[in-house]
Structure formats: structure tokens, C-alpha cells
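Data block below; observations after.
Bear in mind that the values here come from a model prediction, so they are computed numbers and not experimental data. In the text below, chain A, chain B and the rest are named by the order of the sequence lines, each starting its count at 1.
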Amino acid sequence: MNELIPHFDFYRVLVSPWTTEFATFGWVVLMGFLVATACGLIGNYLILRRMALVGDAISHSILPGLVIGFLLVKSRGTAPMFLGALAAGIVTTVVIEVIHKKSRVKQDAAIGITFTSLFAIGVILISLYASKVDLDQECVLYGEIGNVWMDTPFQLGSVVLGPTSVVRMGAVTLLTLGLIVLFYKELLVSSFDAGLATSLGINATVVHYGLMALLSVVVVSAFESVGAILVIAMLILPGATASLLSQRLPTILALTVLHGGLSSLLGIHLALWLNCSIAGAMVVMGAFLFCLAWIFSPTQGLLRRWIRSRLENPITPPTEAKQA
Amino acid sequence: MNRQRNSRGDVGGEKRKARPGIRRLPAGFSCFKVGIWALVVCAGFAVPAQAAKIGDLAQTNLFEQAIRFFTFQDPAVRYALLGSMLLGVTCGLLGTFIVVRKMALVGDALSHAVLPGVAIGFLWNMTKDPVAIFIGATIAGLIGAAAVTLIKQTTKLKEDSALGLVLASFFAVGICLLTMIQRLPNGNKSGIDKFLFGQAAAISAADVRLMAMVTGLVLVVLVVFYKEFLVTSFDVTFARAAGFPAQVIHYVLMLLLAFAVVIALQAVGVVLVSAMLITPAAAAYLLTDRMSRMLWLSALFGMLAGALGAFSSFLGPNLPTGPFMVLGASTVFVLAFLFGPKHGVVLRWWRQRSRALRTQRENTLKSIYHVLEGREFEGEGVSLLELSERRRETIEEAKAQVQELRRHGLVTLQEEGHLAFLTPSGWQQACAIVRNHRLWELYLTNAAQIAADHVHDDAEKIEHVLGEDVVRELERRLEYATTDPHGRPIPSLGDMRRGSGETARPGDMLGYRKRP
């Protein structure tokens, strides 16, 4: 057990990432923050629309698209990756619809069948062409955010902006933010009240597919750093945490960004201490923040509910007290 | 690994270049081959924990590998196959309930949530002790399921968010533990990373024993409590009213589900276990309407997929088992989806198409009858022009339809296809369809009090599906009426017979005007 949890070296864990090794971990923290922010912002709408598991499905099923993109172009270009993944995302949506509409299999089972099959195809392709594909099975699952600083630097004119993947993720984050600000009203209305949205002349189908396309773009760019499964955490955790703390969408969006930044910061320290997967540690810290919000939320936290039930009804045990 | 891949590549090139003299293969190659065989056999008979290496050491000749698989020479193959089939059966059986209860994604969440338990079970005594991992994983899975329920009950978050949240958070904890284990001195050799995508070759005798026990347990529970499971799956309200403990059954199901996920981990891997729960059961669901038959089919499909996955991953080096199993199951599902006898897309499409064609033929026949009736059955030939006017179509369309009738032997054509004569069977069918139509119109006006000008559309649809027995019943109820609400005569059985050759007597003519 002692070997498993290393000695807590104050300097190595808390100081060095900000001083001597800032050139490395600065980029990692920034990347984590960007991924968590982009995913979290769009994740809010997934939660509101009860489509959290569509995020799950898409994050798994873009894998074959990515691999085929790699194999066709034989390089890790941005364009083939995006196109392949986007195509895979569309195939997923269509196949789920076809299974759901043309047979009596319910939607949840249709989602489960589709994304597992596509993911399986992706994994098989990776293991068959292991030497040609710049991905391995573990990376698919939990990403390699720790290597992001080694990426080739991206130059704009003569200015070196930073590692390409970080710059790309930054662009995607800005795009997400911009689109959400631009279409704030449309997204808000169609997420809460589809009927009202239609009567206001907002095309719900267009909003839906736009959101799906944006989701695909975000998931693809996040895939490399956090992998297929941890992306789901990045999508859902910030929004879920924020929704426990506030009822207003602008506040929720702001809290989402805060959650992304905090989980990225805390995660890097946890990962340095325990010497484990950085993306994994970021998600663990995100989940920890969720638990804190769940327990201590001023309006609907477990603690508050418990105190209230004790005050209102001192005799009945709190577990049996009904929600007020 | 790399060394082997290179040597395989070299050998392949050599073979292609020196086709006439295969004997010229370097002697080193056969030594290499023999060595590998020896290693494989040794590994097979050595401690089962080392069987994990089999997949890696495997020779790359597909055919030889296939033969080795089917001769079941080494125990590792037997364990892998047996284990894969057992897990297929268990997952198939339990998946049936998952699918009919619409809990497919609960299975997904549960299967990801077991990962930290696997890691902790491994840490217990730093080996892949099946029992420790089994206990750890089951507990973690149940905690995950409980967390989903708790989040759903105490927050505003909906089920899908709760599932995704628990799934990914537990998985992240597992990933952290896993990467910590791999950093340990002997962690990297432990093969614990095989739990992610599964490696059937890593299944040991102890694993198989555990799997058999769990499968037996699941079978016993399902047989003993079949009725309870059935009732609570389909109608919870009724089950509660009838005094079945629906909640308890739900928890039992979750427990069994956790067991199934855990025994499947070794071969399928954490990530894809949910497919083994959902896909075989969904395929079975497409093929039958009976729960007992669905259970059997699902178990069978699961077993097939398991065997297929174990076989495929054995064919090449470093191939994960889980994805192949999942693809096997998906293939079964696609086949059931396309060719299922009752709900299959292809057969349904075919049935719809043939019904549409028949309907069209019958409508054409009806129009021919109307044309004949319009000129009071004077003369038998109906020209394309008359038909097209009657049907409000172009001559070409009418021609195509008449050709279609000729192919079915319902009309004969003369004057270069411009004049159609009903054959006896064509006459019979035309009469039958008009008779259906008019009887139904009459029935609607008489029995349902619908105005005479509102009954045509309904009759237009139902005329194609009325069976002979229903028509007889209609005739009887309508007291063998001879005219429809619009005053036109309803063809009788006699009219139908009169037109058909065999019973026609000399002097008989078509139609009612000539009726004796």
C-alpha cells in the first residue's frame, strides 16, 4: 500500500508545476481547462434536453471515424480526423434512428447496440493496424493529456502560439462560447419548451442538429486528450454540479466554467501526487466537486435536506422523511 | 512483438518471391516455428496465469491457428472457449430482462462502475485472484447502481445525467487506480490492463469455475423466480397489487447483473460488457414474442457471440476478445433486424410490397369491371382508352397495369395489347372485389347508419382484406341483398361462377342483364 500512494512531496506536487516545470504543466492545465469548459458548456444543454447519453454514444462511436481518417491520410491531420469523426457521428445518429423506427427495439437499447458496435470496430481497427495508427487502446480510453506540451508548436505568422492541439482546443472552446452567446435565446427556449420555440418560429430540428454537430466537433477535439469515456464526465459533471447550485442559466454557465478550471487545477496536483493518469485525476476531482455540491448545496444539498427534515419532523428518522 | 511482426513480414515476402521452391525457405524459419510451437504448448500446460501470453506468442498463420483452436489441444483454448460461452449465456439471460425493462443503459453504467472494484480487488493481494476481484467489482458495481438511484432521488438531475455521471466518475477513479498499479514494480506484468478490452486467452481454470458457478446461480434463480421476474418486468403496478415484492426483485436483478458483468470482464472488458447484455437480447426480442423463447434465444446468441469472439481473437497476435464478441453479437442483431420472420425489415418490406401490388391489380380489375358494367356488359373486350379514362390515368400507365394483370393470368390481350379480355379467374376476382366493396358499403349504411355518400372511401380500403368467410357473413346479415346503397347490383356467387369457364353453360352470358 505504501508503494501505491507515494509520499506527499510538497514541492513536487504543489510548487514545481508552477515554477520549474511550468512549460510542461502550464499547457496541461490550460488544455484541461479548455476541454472541461467546452464540454461543460455544451453539456449543460445536453442535461437540460435529457440527452446526456447521446454524448456517451457519440464519444464512443466517433472512434472508427478517427481511425479510418488516420488510415486514409496516414497522418494526424486535423481535417481528416474531423471529417471522419463527423461522418461517424452522423452514422451513429442515423443508425439509432433506423433501429428505433424500423423495429420494436426501444431507443435506449438502440443507443447501446449502435455505439458499442462502432466502438468495437474502432478498437479492432486499431489493433489490426497498430503500427500505422498513432493511437493505442489505452489512449482511446483515457487520453494522453500529459503529452500535450510535446505537440508541434502552432505558429501564426512569426508568433508561436503554443502546441497545436492546445491552440485547436482553444479555438473550439471559443467557437462553442461564441455560438452559445449568439444563439443563447434559441437554445434556451428550445431546451425548456419545444412548443414555445416552435411558436416563436425557431426551427427545433435545426437547433437539434446544430447542437449535435457542435457536440461532435467538441468531442473530437477533446478525444485525444481525455479519451472516449472521460469525455462523458467532462460533458456532464460541470453542468450537473452547476445545476445543483443555481437555477438560472447564466449563473449555471459561469459555474460550469469555474468547475472546469477548478477540476483541471486540482486534478493536476492529484495526478502529480499519486503519479496517475492526469485526465483521470481531473475527472476524479470534478466528481469530488460534484459530491461537495451535492452535500453542501445551499438550496437542495443533502445536508440542508437532512437539517430541514429534522427541524420539521424531529421524530421520524431522516431517511424516511419525504421530500418537502 | 516488433521482432515477430518483422519476421512475419519477411517470411511472407520470401514465400511470394520464391514460389517454385518453397523448400528454399531458410532453415531458421522452421526452427523458429518449432520453437514457437514448443513455447505455445509449454505455456498451455504451465500455470494458467501465464496463458495470457498465448495470444501474443501465437503464430500468424490463420489456418494453423484455426486448426489449433478447433482441436482444443491446449487447455488455454478450452478455458477461453468455455469461459466465453458461459459468460455469453449469463449475459444473454440477464440482458433479456434489461431490454424488456428498458434499462439497457443501466447495464452500461453498472459495467463501467465496476472498474475501481477490479483495481481494489487486485490490490488486495497483488495478484489476479478471481475471488477478490469478483467481490471488489461486485461491490463497486452495486455502489454505482445505488449512487444512480440516490442522485435521482435527491437531486433534480434526470436518470440519463445520473447514469452518465456515475459511469464516467467511477471509471475515472478506476483509471487512476489502474495507472497507479501499473507503476508498481510488478504491476505492469499483472495483465490487469486486459480488463479494459478483454482477453479470453487470460481466462484460467479458476475463472472458468467461478463463471460456471455464477451461471448456475443465475439459472437457478431465474428458474425458481421466473414468474416473479416476468410479472415485475412487464407490469409493475399489477405485480405490486398481486403482492409481488417488485423492489426486492429489482435489487436481485441488479445483484445478478453485477455478477454477470464481473464474470464477463476478463473476456469482454469493462468498456464493452454492456453490449453483451443488450445486443443478444435485443436480437432475440426481434425474433419472438414469448419471454421463455426470448430467454433461450438470447442465451444462444450470447453463447455464439462468445465463441466467435474467443475464436477470432485467437487468430492473430494482440487481438482483443471483447470487440470481436461484440461484433459477433451485432452481426446476429443485424441479421435478425433484416431477416427476422415476423419483424424483419426485408420480409416486412416484401410483404408490404406484394400487398401493394395485389391491391393495385385488384383496383385495375375493378375498373375493368366498372367499364363492362358501364356499357351493360355488351361485348367483352375493354380497350386501354376506356380503362385509362375510367382510372383517370395515361394510356401508358393503363398499359403497364394491364400487362401486370396478364402476367398473373387475369386477362388476355388482343390487337397488340390494346384490348383486354378478362380470363375466367380474372372475372372471378373482379367480381369478388366489387362484391366486397358493395357489400361493405351496404353494411355500413344499414348497420352503422352512415350516409350512403360517406361509405365509399372506407369500402375502398377494406375491400382488399375481406376474407371469404366475412363476406359470407355479410351477405347473410344483409339478407342476400342484390343492390348496393347507390342502386347498383352486387355481384353474386352465381355471377362469379357464370363467368368462369368450367361451369359456364352454353347460352350463359356475362353480367346480370342476361341473368335468367
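T179(B) places no side-chain N or O within 3.5 Å of a backbone atom of C276(A) that could act as its donor or acceptor partner. In this structure, R348(B) contributes its side chain and K102(A) its backbone to a donor-acceptor pair below 3.5 Å. Distance alone, capped at 3.5 Å, is enough to place a donor-acceptor pair between the R305(A) side chain and the T154(B) backbone.
Residue L150(B) touches chain A through both its backbone and its side chain, counting heavy-atom pairs closer than 4.5 Å. Proximity to chain A (any heavy atom under 4.5 Å) is shown, for K156(B), by both the backbone and the side chain. With a 4.5 angstrom heavy-atom cutoff, M103(B) touches chain A only via backbone atoms. Residue contact with chain A, scored on non-hydrogen atoms closer than 4.5 Å, is absent for L178(B). I99(A) touches chain B through backbone and side chain together, each having a heavy atom under 4.5 Å away. At a 4.5 Å heavy-atom cutoff, the contact between F115(A) and chain B is made by side-chain atoms alone. For chain B, the nearby part of L302(A) is the side chain; its heavy atoms alone come within less than 4.5 Å. Residue contact with chain A, scored on non-hydrogen atoms closer than 4.5 Å, involves the backbone and the side chain of Y285(B) alike. Neither the backbone nor the side chain of V95(A) comes within less than 4.5 Å of any heavy atom in chain B. Contacts of F170(B) with chain A are absent, with no heavy-atom separation under 4.5 Å from either backbone or side chain. V173(B) touches chain A through backbone and side chain together, each having a heavy atom under 4.5 Å away.
Between S161(B) and I47(A), the closest heavy-atom pair is OG-CG2, 3.5 Å. The minimum heavy-atom distance linking V283(A) with A168(B) is given by the pair CG1-O, 4.1 Å. Minimum heavy-atom separation, A104(B) to D108(A): N-OD2, 3.1 Å. Here the shortest heavy-atom pairing between S127(A) and P320(B) reads OG-CD, 3.3 Å. Nearest heavy-atom pair, I113(A) versus A282(B), reported as atom, atom and distance to 0.1 Å: CD1-CB, 3.5 Å.
In terms of non-hydrogen atom pairs under 4.5 Å with chain A, the most contact-rich of V99(B), L163(B), V326(B), L177(B) is V326(B). Between chain A and the options C176(B), G340(B), G107(B), heavy-atom pairs under 4.5 Å are most frequent for C176(B). For the set R104(A), M282(A), Q300(A), the count of heavy-atom pairs under 4.5 angstrom toward chain B peaks at R104(A). Listed options L46(A), I229(A), V105(A) were ranked by heavy-atom pairs under 4.5 angstrom with chain B; first place goes to I229(A). Put simply, of L230(A), N275(A), I278(A), the one with the most heavy-atom pairs under 4.5 Å next to chain B is N275(A). For the options G239(A), S277(A), A233(A), heavy-atom pairs under 4.5 Å to chain B are most numerous at S277(A).
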(request) Start with the C-alpha distance between S169(B) and V284(A), add both sets of side-chain angles, then the distance that settles side chain to side chain contact (heavy atoms under 4.5 Å, CB included), and finish with yes or no. (result) CA-CA 6 Å; S169(B) 304; V284(A) 169; over 6 Å; no
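From K158(B), atom NZ reaches atom CZ of R50(A) across 4.5 Å, with rounding to the nearest 0.5 Å. One finds the CG atom of L327(B) at 4.0 Å from the CD1 atom of I124(A) (value rounded to the nearest 0.5 Å). Note that CZ of F324(B) and CD1 of I121(A) are 11.0 Å apart. Values are rounded to the nearest 0.5 Å. To the nearest 0.5 Å, atom OG1 of residue T241(A) and atom CG of residue L157(B) are 8.5 Å apart. We find the OG1-CG distance between T116(A) and D108(B) to be 8.0 Å, quoted to the nearest 0.5 Å. Here CG of L165(B) is found 4.5 Å from CZ of F290(A). Values are rounded to the nearest 0.5 Å.
In the displayed structure, R351(B) atom CZ is contacted under 6.0 Å by more than 12 heavy atoms of other residues, nucleotides or ligands.
Counted by atom type alone, S117(A) and S330(B) present one or more donor-acceptor pairs between their side chains at under 3.5 Å.
A salt bridge is absent between D160(B) and R49(A); no separation between the charged side-chain nitrogens and carboxylate oxygens falls under 4.0 Å.
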